[in-house]
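Shown next, in structure tokens, is the structure this report addresses.
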Number of protein chains: 2
Amino acid sequence: MDQLRAMRYFSKVAETGSFTKAASIFAVPPSSLSRRVADLEKHLGATLLIRSTRVVKLTEVGQIYYSQLEDILNQIEQSSETVRSYQAKPMGQLRISSMVGFGERILMPLLGEFSGLYPEIILDVSLSDELSTLGRDDVDIAIRGGYAPNERVLAIRLMDNEFIPVAAPKYLAEMGTPKNVMELRHHKGLYFRTPSGPSPWLCNIDGQWHDVSGTIVAVSNNGRWLAEKAVAGQGIMMAARWAVTSYIESGELEELLFDRVLHITQNTDLAVYLLYQKQRYLVPKVKAAVDFLVARVQGKH
Amino acid sequence: MDQLRAMRYFSKVAETGSFTKAASIFAVPPSSLSRRVADLEKHLGATLLIRSTRVVKLTEVGQIYYSQLEDILNQIEQSSETVRSYQAKPMGQLRISSMVGFGERILMPLLGEFSGLYPEIILDVSLSDELSTLGRDDVDIAIRGGYAPNERVLAIRLMDNEFIPVAAPKYLAEMGTPKNVMELRHHKGLYFRTPSGPSPWLCNIDGQWHDVSGTIVAVSNNGRWLAEKAVAGQGIMMAARWAVTSYIESGELEELLFDRVLHITQNTDLAVYLLYQKQRYLVPKVKAAVDFLVARVQGKH
DNA sequence: TAACATTATTGCCTTTATGACAATAATTAT
DNA sequence: ATAATTATTGTCATAAAGGCAATAATGTTA
């Protein structure tokens, strides 16, 4: 039995939920898949799929096996790519997933130059603040605020992700500039949406954390929109420093300074990380992008 | 090409540093390994091994590929092992769907012991009198009053499901004890709800079925509630014997005896069945539960 | 409720790929 | 230089997978 082939067949049947659909993808008759999957089940001594003529679904073991297979098949594919592209020019499709804010303000502006350096790399950039899995079949490089999900993934600290309170001069003129952090509670606030609610304004006083959030005026997962509202004088916002430097320099926003430092999480050392799978650094396109991004971003910020 | 086989061959050659040694481990001629490795190299478009008649060494890519392969082959082995262990001992999630009455009075009290015997089985019990299809629904074991014959489903008769008329002594004292089945028509009745209306009181007299139902006082799909109303003296009820033995023993309810036997369907041989899917490869968790329930329930009732 | 259409499976045959064995070529140690 | 070990190649036999048609089962639709 060609075990790997059987595994690929099974995996696709599980994914599509149909022998026919999976068969058409492999361009072989469904009967082949049926036999190969049966072989595999015999080999493992377990029923992986519950078949009825209309629906095919995974058994419990099938589910377990499938989730492990996905990982395995991916690794096989990737190691093949590593070998095939070894010592070749950086080329092919490169998928980058980035946080929206970072992507818009920092990543995108750099990619023009990158494409100039490596014209044979086809970029596929997606911006999202969702966590990407990095290791399934989706992304070569991810840029996120959090740290590495598992030991196969390497995380490089790209730059600080310090959050600072900002507001428009117009807002401060109207509402008054808060003199200390406690006064913030009486101000209007613009907040990022996080899975655990609007990200609060936190302040550590003598080892004790205090929530000094002001009244909620707007909540969004879109930093640009929040920043625009801040510029329009609708409230105070905790924004990443790198995201608002241009506004500060132009005078549209103003950094608020207090005796205490404000944060948005109890982790006081936030940073932006570049994540990739360790072994994929050997693939030229990945190495090129990692090296490029690290050099450019760490150099500037 | 059987890629996985080629990968195994290559890996072993790399490990032993010899085609001959590796071949003897797989019990195939060295020529096979030579061809398979060559296939693999062709497939990857890279030379993995430097062969000389005396020594076989890894190339640089070969080394990289080999180290990744070790990981992959290991994971494949491990995932097979996972499946095998799942097939070897009772473990994983076990979903049981039972009729409400049986579940409350008989099944639930047994499950504590079961969990003690098989701590690696995670129970998921749902009680419902709906028909579950066992296959379309995600259920491993179903317990029902009847079953539709089906090739893929195995049914085991767990115990009788005889329905008997019962009433509280208080009710009988007030309303009089019916002397024969025909008198039932002038009594108050508590009825199960079924898809085809309240389940009637039926009696077979000389091969002819007669409906001897009394006036409807209450209808419910909840046997416990009906039984409580019966205990409170609100009427006569046709209840499963196993569901009311405790009431009869305590004297709260009394079984009514007639010259004719009463039924609630024209099927005079009602029983509780345990249903589970026939699988080509036996699933230990299901077998453990089936054996346990059959032994415990058939032993006691 | 009954007919229909879809889908997985099974049987039979063809094609492809792998194993077996012998012969050859190449390299290293003696 | 010779011998011996070892990888490779050629040829054939065998095993495995694909192709196609027919069947059985199941969900859908009128």
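Please read all numbers here as calculations on a predicted model, not as lab measurements. Below, chain A is the first sequence line, B the second, and so on; all start at residue 1.
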For this session: Could you list all the side-chain hydrogen bond (donor to acceptor under 3.5 Å, both in side chains) pairs where at least one residue sits in residues 153-164 of chain B, not counting sequence neighbours?
Result: B/Arg157-B/Asp160, B/Arg157-B/Asp269, B/Asn161-B/Trp242, B/Glu162-B/Arg241

Problem set entry | Positional range of nucleotides in DNA chain C within the contact set of chain B, heavy-atom, under 4.0 Å | C/dT18 to C/dT28

Exercise. Between the two end axes of the helix from C/dT1-D/dA30 to C/dT30-D/dA1, each built from 5 base pairs, what angle do you get to the nearest 10°?
Worked result: 40°

For this session: Report which part of the nucleic acid B/Ser31 touches: base, sugar-phosphate, or nothing (heavy-atom distance under 4.0 Å, all strands).
Result: base

Problem set entry | Non-neighbouring partners of B/Arg5 that pass salt bridge (Lys or Arg N to Asp or Glu O under 4.0 Å), sequence neighbours left out | B/Asp2

For this session: Output the residues of residues 2-18 of chain A in contact with DNA chain D, where contact means a heavy atom of the residue under 4.0 Å from an atom of the strand; sort by number or write none.
Result: A/Asp2, A/Arg5, A/Tyr9

Seminar exercise, completed: Contacts of B/Val55 and A/Ala27 projected onto DNA chain D by closest heavy atom; the upstream (5') one is B/Val55

For this session: First locate atom CG of A/Leu40, then atom CZ of A/Arg8, and finally report the distance between them rounded to the nearest 0.5 Å.
Result: 13.0 Å

Exercise. Where along residues 35-49 of chain A does a heavy atom fall under 4.0 Å from DNA chain C?
Worked result: A/Arg35

Exercise. Within a strict 4.5 Å, meaning less than it, do heavy atoms of the B/Val212 and B/Arg260 side chains meet?
Worked result: no

Exercise. Which side-chain hydrogen bond (donor to acceptor under 3.5 Å, both in side chains) pairs, counting each pair once, include a residue from residues 17-28 of chain B, with sequence neighbours left out?
Worked result: none

Seminar exercise, completed: Closest to the side chain of B/Ser34, out of D/dT9, D/dG27, D/dG18, is D/dT9

For this session: Could you check how far NZ of A/Lys57 sits from P of D/dT26, rounded to whole Å?
Result: 14 Å

Exercise. Which part of the nucleic acid, if any, lies within reach of B/Arg54 when heavy atoms closer than 4.0 Å are counted: base, sugar-phosphate only, or nothing?
Worked result: base

Problem set entry | Check: B/Phe258 and B/Pro165 side chains under 4.5 Å, non-hydrogen atoms | yes

Problem set entry | Distance in angstrom units between B/Leu33 CG and D/dT8 P, rounded | 10 Å

For this session: Check side-chain contact (heavy atoms from CB on, under 4.5 Å) between B/Ile122 and all other residues, then give those that pass, not counting sequence neighbours.
Result: none

For this session: Using salt bridge (Lys or Arg N to Asp or Glu O under 4.0 Å) as the criterion, list what pairs up with B/Lys287, not counting sequence neighbours.
Result: B/Asp291

Exercise. Quick one: does B/Thr59's side chain have a donor or acceptor within less than 3.5 Å of a partner on B/Thr47's backbone?
Worked result: yes

Problem set entry | Sequence-distant partners of A/Asp140, side-chain contact (heavy atoms from CB on, under 4.5 Å), two or more places apart | A/Leu94, A/Arg95, A/Arg280, A/Lys285, A/Val286

Exercise. Hey, are the side chains of B/Lys12 and B/Leu33 touching, using non-hydrogen atoms and a 4.5 Å cut-off?
Worked result: no

Exercise. How would you list, by chain and number, every residue that makes a side-chain contact (heavy atoms from CB on, under 4.5 Å) with B/Ala230, sequence neighbours excluded?
Worked result: B/Leu190, B/Met237, B/Leu253

Exercise. Any side-chain N or O of A/Thr53 under 4.0 Å from OP1/OP2 of D/dT26?
Worked result: no

Please table the atom pairs, donor to acceptor, closer than 3.5 Å between any side-chain atom in residues 60-67 of chain B and protein atoms at least two apart or in another chain.
unit_1	atom_1	unit_2	atom_2	d
B/Glu60	OE2	A/Tyr86	OH	2.4
B/Tyr66	OH	B/Glu70	OE2	3.4
B/Ser67	OG	B/Ile64	O	2.9

